[in-house]
Amino acid sequence: MPMSQLLIQRKGIKGRDFELTMADKNEKTSDVATGNTGTGTCREEDVSSGIETAETLLRLFPVGLCVAALVVMVKDSESNEYGSLSYSNITAFRFLVHANGILAGYSLLSAAFTAVPRPMTMPRAWTFFLLDQISTYVILAASAVATEVAFLTYKGDVAVTWSEACGTYGHFCRRATTSIIITFMVVICYVLLSLISSYRLFSKYDAPVGYRNKGIEIVDFGN
């Protein structure tokens, strides 16, 4: 075989090798750009595992807080020469007790459910999102109403003929205040849980197809 043909064949082989090498580099570059790498997958799994652990702890913590606030308020009563006063005499405090009882049960059940590893489906994500939102608003409303009533027991309000009671029933007011403070700690936990469930739900949605980051065109009608 002539030397010129051998050189041409070698060049052809080198050219094909070069094309294969460039194709491999382009594929790796594409994987890095799109995030389809083993490291990226591991990081996403670590983040997901960390969120699940934090969520389980945040669901367990309110159980003890709700029970503590409930017990403190249920045992809140005082009797003296002026008469007896109990939490059951005040509707706002009864509402606080019921709200803490409901949240304690929901927190325990949801913590047990999230502690078991299972794939997060869309219906499950929507269920947790809605229940967390409802629970947050219920416990926040109970805390706000109880705080207003507690303020009236300390300061009174002549306009609504509500006399100050804590000067006479100091022990009752202190226990009610303690229960309300504990309940506000539950509110903080459920605000964080609402953020987690919101992130977990809406992060599953992809951006709209064909979305482009277009600038806003400002039209000057004066010119």
Side-chain angles (χ1 to χ4, degrees), residues 51-115 127-201:
I51 292 176
E52 290 178 357
T53 302
E55 181 185 5
T56 303
L57 293 176
L58 277 174
R59 292 186 185 280
L60 280 175
F61 191 51
V63 176
L65 294 176
C66 289
V67 172
L70 187 151
V71 170
V72 170
M73 185 62 79
V74 167
K75 293 185 176 181
D76 190 13
S77 62
E78 185 176 1
S79 299
N80 53 31
E81 63 273 15
Y82 297 100
S84 61
L85 182 62
S86 173
Y87 86 96
S88 59
N89 300 128
I90 302 175
T91 304
F93 291 169
R94 294 201 306 270
F95 177 36
L96 190 73
V97 169
H98 294 320
N100 276 299
I102 294 171
L103 265 291
Y106 171 68
S107 298
L108 184 61
L109 291 175
S110 61
F113 195 82
T114 56
T127 300
F128 273 108
F129 170 75
L130 293 175
L131 291 177
D132 288 346
Q133 293 291 322
I134 294 172
S135 300
T136 302
Y137 285 116
V138 168
I139 198 66
L140 178 61
S143 302
V145 173
T147 300
E148 181 180 5
V149 173
F151 177 81
L152 291 174
T153 58
Y154 274 100
K155 301 296 182 180
D157 192 345
V158 178
V160 295
T161 64
W162 189 302
S163 60
E164 178 268 333
C166 290
T168 306
Y169 300 96
H171 178 72
F172 173 84
C173 293
R174 286 191 296 270
R175 290 183 68 90
T177 303
T178 302
S179 179
I180 294 170
I181 292 173
I182 297 173
T183 306
F184 269 111
M185 296 174 65
V186 179
V187 172
I188 294 173
C189 291
Y190 265 89
V191 168
L192 296 176
L193 283 172
S194 296
L195 293 176
I196 291 175
S197 59
S198 300
Y199 168 78
R200 188 176 55 195
L201 172 63

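What's counted below: heavy atoms across the whole structure, side chains too, no hydrogens, waters or symmetry copies.
Contact between A104 and V63 at its shortest, heavy atoms only, is O-CG2, 3.9 Å. For H171 against S77, the heavy-atom pair with the smallest separation is CD2-O, 4.2 Å. Nearest heavy-atom pair across S143 and T183 is OG-CG2, 3.0 Å. For S84 against N89, the heavy-atom pair with the smallest separation is O-OD1, 4.4 Å. Contact between F61 and C189 at its shortest, heavy atoms only, is CD2-SG, 3.5 Å. Residues M73 and V97 approach most closely at CG-CG2, 3.5 Å, considering heavy atoms.
Within the structure, ring-ring contact (aromatic ring centres under 6.0 Å, His included) contacts touching residues 129-150 (residues at least two apart or in different chains) are W126-F129, F129-F202. Screening residues 129-146 for salt bridge (charged side-chain N to carboxylate O under 4.0 Å, His left out), with sequence neighbours left out, gives R59-D132. Sorted by first and then second residue, the salt bridge (charged side-chain N to carboxylate O under 4.0 Å, His left out) pairs involving residues 68-89 (not counting sequence neighbours) form an empty list. Listed by first and then second residue, the salt bridge (charged side-chain N to carboxylate O under 4.0 Å, His left out) pairs that reach into residues 92-107 come to none, sequence neighbours excluded.
In this structure, OG on S179 lies 11.0 Å from CZ on F184, to the nearest 0.5 angstrom. To the nearest 0.5 Å, atoms CG (L140) and CD1 (I188) are separated by 11.0 Å. One finds the CD1 atom of I134 at 9.0 Å from the OH atom of Y106 (value rounded to the nearest 0.5 Å). One finds the CG atom of L57 at 9.0 Å from the OG1 atom of T114 (value rounded to the nearest 0.5 Å). The line from CZ of F172 to CG of L85 is 4.0 Å long, rounded to the nearest 0.5 Å. Of the inter-residue distances, the one linking L96 atom CG with I90 atom CD1 reads 11.0 Å to the nearest 0.5 angstrom.
Under the ring pair (Phe, Tyr, Trp, His ring centres under 6.0 Å) criterion, Y190 pairs with no residue at all, not counting sequence neighbours. Under the side chain to side chain donor-acceptor pair (under 3.5 Å) criterion, Y154 pairs with T177, sequence neighbours left out. Looking at residues two or more places apart in sequence or on another chain, you find no side chain to side chain donor-acceptor pair (under 3.5 Å) involving T147. With sequence neighbours excluded, the residues that form a side chain to side chain donor-acceptor pair (under 3.5 Å) with S88 are S86. S135 pairs by the side chain to side chain donor-acceptor pair (under 3.5 Å) definition with nothing, not counting sequence neighbours. Remark: T168 engages N80, Y82 in a side-chain contact (heavy atoms from CB on, under 4.5 Å) (not counting sequence neighbours). When the disulfide bond (SG atoms under 2.5 Å apart) test is applied to C173, the partners found at least two apart in sequence or on another chain are C166. Residues satisfying the side-chain contact (heavy atoms from CB on, under 4.5 Å) criterion with I182, sequence neighbours excluded, are L65, A68, A69, T178.
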Check: Given the rule in the side-chain contact (heavy atoms from CB on, under 4.5 Å) test, do S197 and E55 qualify, once you have shown the distances and angles that lead to the verdict?
Finding: CA-CA 9 Å; S197 59; E55 181 185 5; 5.5 Å; no
Next item on the list: Assess whether side-chain contact (heavy atoms from CB on, under 4.5 Å) is satisfied between F128 and L193, documenting all intermediate values.
Entry: CA-CA 9 Å; F128 273 108; L193 283 172; over 6 Å; no
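No side-chain heavy atom of I102 sits less than 4.5 Å from a side-chain heavy atom of V138.
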